[in-house]
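Single-structure report; data block below.
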Amino acid sequence: MSAILSSSTLISLVFLCVFVNAQITVVVNETASHAIPSTLWGQMFESGDGGLYAELLQNRAFQMVDVSNQTTALSAWHSVNGAQLTVIEETVPVSSALPNALSVAIPSGSSGQLGIGNEGYFGIKVNSSNTYNASFFYRFPTASSFNGIATVGLQTSTGQVLGASNVTLNGSQTSWLQVFTTIQPTISPASLTNNFTVTVDGETLAGQTINFAIPNGMRIDIAETLSAMAPSFFRLPGGNNLGQTVATRWQWNNTVGPLVERPGRIGDWGYVNTDGLGIFEFLTWCEDLNMQAIMAVWSGFALGGTSIAEDDLGPYIQQAIDQVNFAVGDPTQSDAAALRASLGHPDPFPVAHVEIGNEDFFAADTYTYRWNQFSTALQAAFPNLSFLATSDTFNPVLTPNPAEWDIHVYQTPSWFAENSFIYDGFQRNGTHYFEVGFSRKMCGVSISTNADDIFGTPADGRLTFPTMQSSTGEAAFMIGLERNSDIVFAASYAPLLNHVVDSHSGNVYPSTSYYVQQLFSLNRGDEYLPSTLPDASGTTFWSVVVNTVGTASNVTFQLPFPVEDSATVQLLIGAETDSNTPNAPNTVSPQTSTITVDQTFAYNAPGFSVSALTLTTA
Ligand SMILES: *[C@@H]1O[C@H](CO)[C@@H](O)[C@H](O)[C@H]1NC(C)=O
Ligand SMILES: *[C@@H]1O[C@H](CO)[C@@H](O)[C@H](O)[C@H]1NC(C)=O
Ligand SMILES: *[C@@H]1O[C@H](CO)[C@@H](O)[C@H](O)[C@H]1NC(C)=O
Ligand SMILES: *[C@@H]1O[C@H](CO)[C@@H](O)[C@H](O)[C@H]1NC(C)=O
Ligand SMILES: *[C@@H]1O[C@H](CO)[C@@H](O)[C@H](O)[C@H]1NC(C)=O
Ligand SMILES: *[C@@H]1O[C@H](CO)[C@@H](O)[C@H](O)[C@H]1NC(C)=O
Ligand SMILES: *[C@@H]1O[C@H](CO)[C@@H](O)[C@H](O)[C@H]1NC(C)=O
Ligand SMILES: *[C@@H]1O[C@H](CO)[C@@H](O)[C@H](O)[C@H]1NC(C)=O
Ligand SMILES: *[C@@H]1O[C@H](CO)[C@@H](O)[C@H](O)[C@H]1NC(C)=O
Ligand SMILES: *[C@@H]1O[C@H](CO)[C@@H](O)[C@H](O)[C@H]1NC(C)=O
Ligand SMILES: CC(=O)N[C@H]1CO[C@H](CO)[C@@H](O)[C@@H]1O
């Protein structure tokens with residue numbers, strides 16, 4: 001008997017049923033066939049801005065904007081009470097990374113409070129149980145005798161103050177000065193159409209101009225929902241966000257250090273990434289949540305179609321080596337690692353796997369030499385790390401032979417259920433797989449991100465919200481991944497976050513698919529126990545039970561060891577088309593109960609359900 005069967009060990013059993021009123025007997029094997037990798041269930045996403053990253057303000061630093069078009073340069077910013085706003089190329093920039101600033105002219109004859117407002121990413125959720133940090137840089141381009149206050153606040157679109165605090169501005173300050181404050185709202189409006197504002201008294205400042213740079217407002221929330229999934233790895237810096245062009249590729253060294261030193265970039269989904277969530281924040285996030293980082297390096301291909309020529313890859317490979325050194329290198333041997341140490345983290349971060357590119361099947365012809373050069377150089381520099389190829393598996397044939405592959409699948413719910421056995425047919429020849437994807441026809445956790453806004457639009461046939469039918473299909477596939485976890489070492493759902501265009505919410509809604517991921521993640525085994533195999537073309541799958549039609553199925557388990565007679569059931573159950581939506585966020589959520597079991601016991605898996613049974617060996 002293997003280690004998992006010691007008396008204190010919990011075991012989880014999972015099932016999926018498709019149709020039939022079947023009576024199924026599952027004989028569980030006594031001998032574990034393989035260990036389950038601790039990395040198996042984790043997370044990936046495409047970009048943090050407007051989502052995981054706690055920044056509330058959109059276009060906070062006028063990064064990458066073209067000042068010749070003020071409409072776009074001022075995106076998300078609004079004048080309060082007649083202040084004249086212009087995004088300028090500063091003659092004295094706040095930093096070389098941030099050349100632009102917001103010039104705010106108070107017209108002569110002004111009165112009352114004038115200034116600037118920012119509408120946030122999808123509005124701004126204001127909740128009196130949160131404290132909001134705010135900061136900005138300012139300078140007076142022309143010195144004045146002014147010495148007074150600016151009010152930093154959160155207000156509704158009609159100007160009702162939800163919370164505010166005062167900071168002092170000094171008119172003789174002609175160089176940049178940063179001010180910090182916190183806002184404690186007293187009201188939690190239901191609506192999200194609120195603004196962040198900075199205003200000054202129009203009468204005292206009439207005729208004067210103040211320049212602002214990198215206003216900043218932060219919140220805390222989404223992180224807690226992601227953390228509750230208990231992920232064991234995190235793919236960074238996001239999936240499809242390595243760069244549409246060579247110039248706008250993700251460069252680790254542009255995302256480190258003070259925010260004011262980060263230029264930002266046009267991300268792959270067409271909007272500006274602040275890079276406020278940079279490599280150090282990502283790696284710290286991994287460490288805080290006890291996750292391993294699966295970190296990607298840019299591999300010489302820009303998604304817009306440009307591949308770097310074979311002879312010109314050198315500097316890009318060096319930048320990738322520097323990036324990995326920043327994450328895990330020895331500070332006495334590498335400047336990049338020394339930079340990490342200077343930020344307070346001399347120890348290496350938990351990175352064991354590095355991906356060379358992302359979805360390089362888009363440039364399979366050049367990936368042959370790019371993979372060859374990047375993987376050879378990186379493997380030589382980091383013998384202890386594993387490198388993942390990202391083209392189609394074994395197509396083209398790559399040299400050196402990749403030990404690991406990242407496979408992306410976006411498919412329909414029925415495809416996932418029907419392909420639960422796909423990895424059973426793979427040879428055991430030393431190649432390991434990271435599976436990303438899951439139902440294309442659905443979205444993940446329904447909250448704000450810009451990128452994943454693209455998903456969840458019914459126009460392209462995708463579901464607006466995951467349903468029990470789609471989520472149980474994914475669960476069937478995950479059972480196959482768990483069974484094949486001798487060669488599948490990691491899997492994640494995508495898209496992880498989805499913004500619901502709904503100005504009346506601003507909350508985080510775990511979807512039915514979120515709960516499936518969470519059930520698997522919270523009910524991990526250390527080892528996989530073989531049992532009577534499900535029918536590959538059949539309808540009931542186990543390890544955890546999932547039911548994809550509205551008909552119950554009885555499953556009898558015959559265990560090879562005695563168990564305590566009380567077992568816990570975590571049951572996710574709903575009707576085929578049930579979804580968690582902003583109007584009905586709690587339609588489906590897991591319920592916990594206790595059942596009586598024996599060494600042989602029957603479990604009635606209800607229709608459209610995922611059950612995790614936890615038994616204790618006697
Ligand atoms: C499943 O088990 C329940 C309770 O043991 C029983 O009432 C029901 O008839 C069984 N269903 C089938 C399809 O065997
Ligand atoms: C500025 O950009 C907006 C939005 O992209 C566009 O509609 C407008 O035509 C541009 N204006 C000028 C003067 O180019
Ligand atoms: C405000 O936050 C608290 C604590 O997180 C939460 O319980 C409450 O539901 C939130 N209120 C609104 C209106 O979202
Ligand atoms: C800010 O200062 C103004 C003018 O002195 C005062 O009326 C207001 O109450 C102050 N607001 C806060 C939040 O302290
Ligand atoms: C205002 O700024 C000037 C220039 O930085 C400084 O000399 C002066 O002490 C400041 N005044 C106050 C009241 O902080
Ligand atoms: C707000 O500021 C405090 C103090 O500087 C800091 O500890 C906290 O992490 C900040 N919160 C956010 C969300 O940035
Ligand atoms: C980051 O490194 C690249 C070369 O690897 C360099 O071209 C770029 O200027 C660096 N960026 C910053 C902000 O130093
Ligand atoms: C690489 O792994 C070996 C064997 O586990 C270990 O002794 C060595 O310290 C590791 N080297 C680094 C740089 O982590
Ligand atoms: C390993 O197995 C895969 C999947 O069955 C196969 O396509 C590939 O050619 C094998 N690779 C080697 C090096 O044998
Ligand atoms: C149990 O495991 C042994 C050894 O791996 C294997 O030979 C046997 O077929 C397995 N039985 C079942 C029911 O999977
Ligand atoms: C003062 C201010 O910024 N007002 C803006 C608040 O946000 C809405 C959009 O949500 C804008 O329309 C207002 O102009």
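For ligands, and for the atoms within them, numbers begin at 1 and follow the listed sequence.
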One should read off an interatomic distance between Ser103 OG and Ile116 CD1, to the nearest 0.5 angstrom, of 10.5 Å
Counting only heavy atoms closer than 4.0 Å, does ligand 7 sit against the backbone of Gln251, its side chain, both, or neither?
side chain
Distance from atom 6 (C) of ligand 7 to nearest protein heavy atom, with residue and atom
Asn253 ND2, 4.1 Å
To check your reading of the model: name the closest protein heavy atom to atom 5 (C) of ligand 11, its residue, and the distance in Å.
Asn195 ND2, 2.8 Å
Which atoms of ligand 9 sit under 4.0 Å from any heavy atom of Asn401?
13 (C)
At less than 4.0 angstrom from any non-hydrogen atom of Gly117, what atoms of ligand 11 do you find?
3 (O)
For atom 14 (O) of ligand 7, is the nearest protein heavy atom closer than 4.0 Å?
yes
When distances are taken from atom 4 (C) of ligand 7, the protein heavy atom at minimum range is Gln319 NE2, 4.0 Å
Could any protein non-hydrogen atom be found less than 4.0 Å from atom 11 (N) of ligand 7?
yes
Please could you name the atoms of ligand 11 that Val80 approaches to less than 4.0 Å, counting only its heavy atoms?
1 (C)
Kindly assign one of parallel, tilted or perpendicular to the pair His34 and Tyr528, based on the angle between their ring planes and the thresholds 30° and 60°.
parallel
Hey, what's the ring geometry for Trp77 with Phe62, parallel, tilted or perpendicular (30° and 60° as the breaks)?
tilted
Return yes or no for this condition: an N or O of His78 is under 3.5 Å from an N or O of ligand 11.
yes
Mind telling me whether Phe137 and Trp176 have parallel, tilted or perpendicular rings, with 30° and 60° as the class edges?
perpendicular
Face-on cation placement of Arg249 at Tyr316 ring, 6.0 Å and 45° thresholds
no
Could you tell me if Ser299 and Asp360 have a donor-acceptor pair between their side chains, going purely by distance under 3.5 Å?
yes
What orientation do Tyr423 and Tyr433 show, parallel under 30°, tilted 30 to 60°, or perpendicular over 60°?
tilted
Within 4.0 Å of some non-hydrogen atom of Glu119, the atoms of ligand 11 are 7 (O), 9 (C), 10 (O)
Distance from atom 5 (O) of ligand 9 to nearest protein heavy atom, with residue and atom
Gln427 N, 3.1 Å
Result of checking Ser191, Pro189, Ser188 against Val126 for side-chain contact (heavy atoms from CB on, under 4.5 Å)
Pro189
Counting non-hydrogen protein atoms only, what is the nearest one to atom 9 (O) of ligand 9? Give residue, atom name and distance.
Phe394 CD2, 4.1 Å
Is it true that the side chains of Asp322 and Asn253 contain a donor and an acceptor less than 3.5 Å apart?
no
Identity and distance of the protein heavy atom lying nearest atom 2 (O) of ligand 9
Asn429 ND2, 2.4 Å
